[in-house]
Amino acid sequence: MRMKSGSVKSKVGKGALAAVLLAFSVMFLYPMYWMINLSFKDKIQASSDPYGLPTEFHLENYTAAWGKIDIPQVMLNSIIYTAGACILCLALSVMVAYALTRMRMKHSDLLRMYFTIGMIIPIAVLMIPVYRLVVDLGLKNTYWALILPYAAFNMASSILMICAFFRNIPVELEEAAAIDGCGVYRAFVKIMLPLVKPAIVTQMVMVYIFVWNEFSLASVIAMGEQMRTVTIALYAFFSAFDMTHWGVIGAAVTLTTLPIIVIYTLGCRQIEGAMSVSAGLK
Amino acid sequence: MRKFYSNRAKLVFLIPGFALFSLFVIYAIFPCFIMSLQNHNGVANQGWVGFLNYKTALTSDVFWSSHIRTYGILLMELLIGIPVSLLLALMLDRTNKVVRNIFKFAALFPSILSVAVIGKMFLGVFNTDWGIVNTFLRAIGLDGAVNSWLSNPKTAMICIGVAYVWQYIGYNAILFYTGLKSIPPEFYEAATLDGANFFQISKRITIPLLQDMLKYVLTGATTGTLGMYGLISVMTAGGPGSSSRTVLYEMYYQSFQSSRFGYGCAIALLFLIECIVWACLINRFVAHEEIKY
């Protein structure tokens with residue numbers, strides 16, 4: 001697999017590989033850099049010289065964006081939605097997965113297939129019925145309006161992955177617990193949960209990314225000013241102020257994205273690990 | 001052990017998750033079906049119309065043109081996005097550690113940005129006066145190709161497609177890369193000893209052994225692309241006219257913008273069936289052989 005090093009041909013090849021990969025890296029990162037760059041420019045420089053470095057730092061773009069989007073409130077909303085959906089989804093999924101793989105139930109394969117349906121339905125297709133359901137249940141204008149559907153739609157992949165983990169745990173562990181007189185609930189919490197912790201953490205990362213960026217359901221259910229997610233607040237900001245001042249646009253984008261960038265930079269490796277595990281399931 | 005897993009315990013573990021999932025994912029489909037048989041304005045049923053909404057959809061021009069656009073984007077993703085991702089993953093596997101780490105960081109970056117941010121970025125990229133594309137075209141002397149990309153009905157959808165494909169190229173590349181890492185190195189060693197080159201190895205060993213990952217990525221990309229909605233809202237809101245409405249955007253537009261919820265539900269159900277058919281086809285025809293190492 002590794003080419004013989006040293007030959008001129010392979011060195012050129014390696015250089016070309018690296019160049020292509022780095023070019024793509026720049027392509028992935030450039031738009032964000034560009035937005036940050038624009039955020040420091042005044043209206044004139046943003047439209048006449050959008051690519052050069054800012055000649056002076058116009059921090060008033062940030063105060064303008066901060067004044068028009070209630071950033072602490074929408075951040076808090078997004079955090080509540082995300083944390084709520086993550087916790088609820090994983091708690092229920094881990095219980096279902098445990099029942100399906102360990103409890104020797106009839107029809108457990110059929111049930112697992114039933115949950116798999118959640119993976120092949122795009123959430124946006126069910127926008128209308130979920131919206132109606134939320135209204136009928138009287139959940140509109142509460143955080144549950146998004147937490148419940150998000151948790152439900154993410155259960156499919158979580159259950160499949162945690163099932164894969166449970167299947168690899170030897171039965172003897174629980175048999176020993178049963179002989180020692182340990183009940184099923186205690187055995188679940190004390191023995192089984194710690195063993196599938198990697199799967200839970202991994203899947204939490206995936207749910208987090210999904211919920212934080214989800215647009216379609218949030219745009220019909222959580223449009224109210226007090227209930228908006230960051231994504232929706234940004235969208236509403238762009239459409240309400242038909243913006244032509246790209247300095248302020250850049251500032252709004254930067255302000256709302258910065259927390260994600262920080263988390264991403266710290267947790268990039270975990271995300272990659274999460275992807276490899278979640279994709280390893282059959 | 002039978003006593004250990006009592007029936008009550010089984011129910012306690014199973015019921016909460018089953019109830020939530022069934023309520024929001026499965027049960028939700030039924031009221032949607034009932035509404036699709038009504039002339040419904042979102043507040044009240046204004047009369048039963050039988051299958052008229054389905055008939056209206058199937059004979060509507062926008063319904064079919066939105067299909068062409070939806071599948072156009074899907075083709076872009078499957079014919080350009082996924083092969084490029086696969087190629088990048090193969091390259092990533094053969095480069096040095098520094099480049100690999102830089103690429104990994106950059107590749108996942110677009111997938112964590114929200115669609116509102118990505119939509120706005122690409123409004124800048126395709127801006128008529130100073131966007132990246134037009135600036136580039138002017139710089140290389142192709143002034144004739146300069147275009148107002150997003151307000152031109154012919155190109156608006158392609159621009160959205162570009163933004164979408166851009167967002168997930170890196171993500172899929174990393175998925176393929178993690179799949180590559182799970183292939184035992186002995187396979188490559190044997191092939192290299194036999195004098196196989198990069199393309200032969202990729203074709204005969206890497207890609208066949210990536211079947212499972214390929215299936216995962218294909219399913220994810222198909223479901224994701226068919227379900228794409230946010231970018232259209234942010235970038236063009238379906239316009240100009242109806243020239244960038246996908247099936248889902250048409251569904252949204254007819255129900256939430258025109259208050260024809262019955263009709264919207266009919267579109268949703270027709271499209272839901274399509275999504276399930278595609279998922280089953282991928283499941284049936286990709287990676288149906290079990291791989292044993």
Side-chain angles (χ1 to χ4, degrees), chain A residues 1 17-18 20-22 24-25 28-29 31 35 47 50 92-93 95-96 98-99 103-105 115 118 120-130 132-133 148-149 151-153 155 175 178 184 209 213 215-216 219-220 231 234-235 238 246 249 253 257 260 264 268 271-272 275-276 279 282, chain B residues 1 4-5 9-10 13-14 16-17 20-21 24-25 28-29 31-32 88 91-92 94-95 99 102-110 112-117 120-121 130 170 174-175 178 188 192 212-213 216 223 226-227 229-230 233-234 248 252 255-256 261 264-265 268 271-272 275-276 279:
Chain A
M1 162 86 182
L17 271 187
V20 173
L21 288 169
L22 291 177
F24 269 92
S25 308
F28 293 137
L29 295 176
M35 287 289 138
S47 53
L92 296 179
S93 301
M95 283 160 64
V96 171
Y98 180 70
M103 287 186 157
R104 301 170 196 181
M105 282 195 313
F115 283 108
I120 59 174
I121 299 180
I123 193 166
V125 177
L126 294 182
M127 213 152 81
I128 305 170
V130 169
R132 304 269 313 168
L133 199 59
L148 294 179
F153 272 89
M155 276 177 70
E175 281 171 357
V184 62
I209 295 178
N213 292 329
F215 185 87
S216 53
S219 73
V220 294
T231 306
L234 206 54
Y235 168 68
F238 291 147
W246 278 78
I249 293 178
V253 165
T257 312
I260 317 283
Y264 175 69
C268 175
I271 297 176
E272 194 207 325
M275 285 167 59
S276 61
K282 301 271 157 71
Chain B
M1 282 306 269
F4 184 69
Y5 302 124
K10 284 179 190 174
F13 278 100
L14 198 57
L20 183 73
F21 180 81
F24 279 96
V25 184
I29 297 170
C32 185
L88 285 171
M91 292 165 82
L92 190 59
R94 331 179 122 238
T95 191
V99 176
I102 294 175
F103 182 84
K104 277 183 185 170
F105 178 84
L108 289 180
F109 188 72
I112 57 145
L113 296 178
S114 83
V115 281
V117 168
K120 208 64 190 175
M121 280 176 177
W130 44 263
I174 299 293
L175 280 175
T178 62
Y188 295 120
T192 321
D212 283 328
M213 186 55 83
Y216 181 83
T223 312
L226 293 177
Y229 164 80
S233 270
V234 179
L248 277 184
Y252 165 82
S255 36
F256 289 93
F261 277 80
C265 280
F271 195 61
L272 181 66
C275 292
I276 293 175

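Labels below follow one simple rule: chain letters A, B, ... track the order of the sequence lines, proteins then strands, and each chain is numbered from 1.
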What's the shortest heavy-atom distance between [X] and [Y], and which atoms?
X      : Y      : value
B:F24  : A:A152 : CB-CB, 3.7 Å
A:M105 : B:K10  : CG-CD, 3.6 Å
B:F109 : A:F28  : CD2-O, 4.1 Å

Side chain from CB out, backbone as N, CA, C, O: work out which of these in [X] comes under 4.5 Å of a heavy atom of chain B, or both, or neither.
X      : value
A:T257 : side chain
A:Y235 : both
A:L133 : side chain
A:T231 : both

Contacting region of [X] [heavy-atom separation from chain A under 4.5 Å]:
X      : result
B:L113 : both
B:F105 : both
B:P31  : neither

Quick check for you: among [options], which has the greatest number of heavy-atom pairs under 4.5 Å with chain B?
options                : answer
A:I123, A:L126, A:I209 : A:L126
A:V20, A:V130, A:L148  : A:L148
A:A124, A:P31, A:A99   : A:P31

Under a 4.5 Å cut-off applied to non-hydrogen side-chain atoms, are [X] and [Y] in contact?
X      : Y      : result
B:V25  : A:F115 : no
B:Y252 : A:V220 : yes
A:V96  : B:F21  : no
B:Y229 : A:P122 : no
A:L22  : B:V99  : yes
A:M103 : B:L14  : no

For each of B:V234, B:V115, B:L108, B:I174, tally heavy-atom pairs with chain A at distances under 4.5 Å, and name the one with the top tally.
-> B:L108
Taking every heavy-atom pair that is under 4.5 Å apart, which of B:T95, B:I112, B:L92 has the most such pairs with chain A?
-> B:I112
Rounded distance [0.5 Å steps], [atom1] in [X] versus [atom2] in [Y]:
X      : Y      : atom1 : atom2 : value
B:R94  : A:L17  : CZ    : CG    : 7.5 Å
A:F153 : B:L20  : CZ    : CG    : 10.5 Å
B:C265 : A:R132 : SG    : CZ    : 8.0 Å
A:I128 : B:F261 : CD1   : CZ    : 6.5 Å

Pick one: which of B:L226, B:L272, B:T223 meets side-chain contact (heavy atoms from CB on, under 4.5 Å) with A:I121?
-> B:L272
